[in-house]
Amino acid sequence: MTGTEDSGAHALPASFEELEALKGIHYDMQASLDAFYRMYARPQVDYATTVLGDRRAAKTVVRSLYTHLALNWDAVLFQEGGPEAYAWRALKLRVETHARMTIAPTADGRSTAPSANDRTTAVHDAVRATLGAMRSQLADAESPLGLYTAIAALPVRQFDVIILNYVLGYPCSRVADIMGISAGTVRTHRRQARKHIAAKLGIDLSDDEEKE
């Protein structure tokens, strides 16, 4: 999957060396980290944008992620699951933290619970994408409202796979690389998510889309 290059003051740097110059901080840059940045920064920003609903905030989150990775890269290389899995966990933590910090208070002055808000934008996108991907199975569903509820209730890994695969359009092999898991595990999460959605909506589900 390819995307157009951003422009302007908030564009994501094309390489880690540009990120270093942008931040004004000297790092002992390793070629493997620069290659990692080139491979994964774009989908990481896409994911964070989908969840946060704010591309500028997403780029800030990803810059924070790579500052952390640069300062700990030698240790990151030996983390369980490899650097991809570690970076995905670290990205998720930063996205969730940012979402909690930007929650607006409700009319009664209390903050809305993070769990009810940090998925809102992403769920809207996921509903549209899932309606397209599962059009034949969802033809009998009464309205998108039930689908919204079903997607919002998905376990974290299943939700992430739906966002990366259905919303952002990355194939299972690429989703596996981004999340630091196997392609088979991605397909399992997608299959389980589809079954969860179908069960919530009370519809039959075929596995005819499992072709990757």
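Counting begins at 1 with the first residue of the sequence. As a basis for the values below, the full set of heavy atoms in this structure was taken, side chains included, without hydrogen atoms, waters or symmetry mates.
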Worked verdict on Thr185 versus Ser182 for side chain to side chain donor-acceptor pair (under 3.5 Å): CA-CA 5 Å; Thr185 300; Ser182 70; 2.8 Å; yes
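- With rounding to the nearest 0.5 Å, the separation of CZ in Arg187 from OG in Ser173 is 8.5 Å.
- Between the NE2 atom in His98 and the CG atom in Leu93 there is a gap of 13.5 Å [rounded to 0.5 Å].
- Contact detail for Thr49 and Ala58: the closest heavy-atom pair is OG1-CB, 3.2 Å.
- In terms of heavy atoms, Gly180 sits closest to Glu84 at CA-CB, 3.7 Å.
- Note that CD1 of Ile151 and CD1 of Ile197 are 4.5 Å apart. Values are rounded to the nearest 0.5 Å.
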Test log, rule side-chain contact (heavy atoms from CB on, under 4.5 Å), inputs Phe36 and Trp73: CA-CA 11 Å; Phe36 188 92; Trp73 187 240; 3.7 Å; yes
Audit row: Ile181, His189, side-chain contact (heavy atoms from CB on, under 4.5 Å) steps and yes/no: CA-CA 11 Å; Ile181 57 180; His189 286 317; 4.2 Å; yes
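- Salt bridge status for Arg42 with Asp46: absent, with no side-chain N to carboxylate O gap under 4.0 Å.
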Stepwise side-chain contact (heavy atoms from CB on, under 4.5 Å) test for Tyr66 and Leu69: CA-CA 5 Å; Tyr66 279 90; Leu69 293 179; 3.8 Å; yes
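- Listed here is the closest heavy atom pair of Arg174 and Pro43: NH2-CG, 3.6 Å.
- When all heavy atoms of Ala87 and Leu65 are compared, the closest pair comes out as O-CD1, 3.9 Å.
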Criterion side-chain contact (heavy atoms from CB on, under 4.5 Å) on Leu164 and Met179, from CA distance to verdict: CA-CA 9 Å; Leu164 290 169; Met179 295 179 66; 3.6 Å; yes
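- In this structure, the separation between CG on Leu33 and CZ on Arg38 is 11.0 Å, given to the nearest 0.5 Å.
- At a cut-off of 3.5 Å, with distance as the only test, no side-chain donor of Gln44 or Tyr37 sits close to an acceptor on the other residue.
- The distance from atom OG1 of Thr60 to atom CZ of Arg94, rounded to the nearest 0.5 Å, is 13.0 Å.
- Using a 3.5 Å distance cut-off with no hydrogens or angles, the side chains of Tyr47 and Asp160 do pair a donor with an acceptor.
- Side-chain contact, Ser64 with Thr67: no donor N or O sits under 3.5 Å from an acceptor N or O.
- Looking at every heavy atom in both residues, Leu91 comes nearest to Val61 through CD1-CG1, 4.0 Å.
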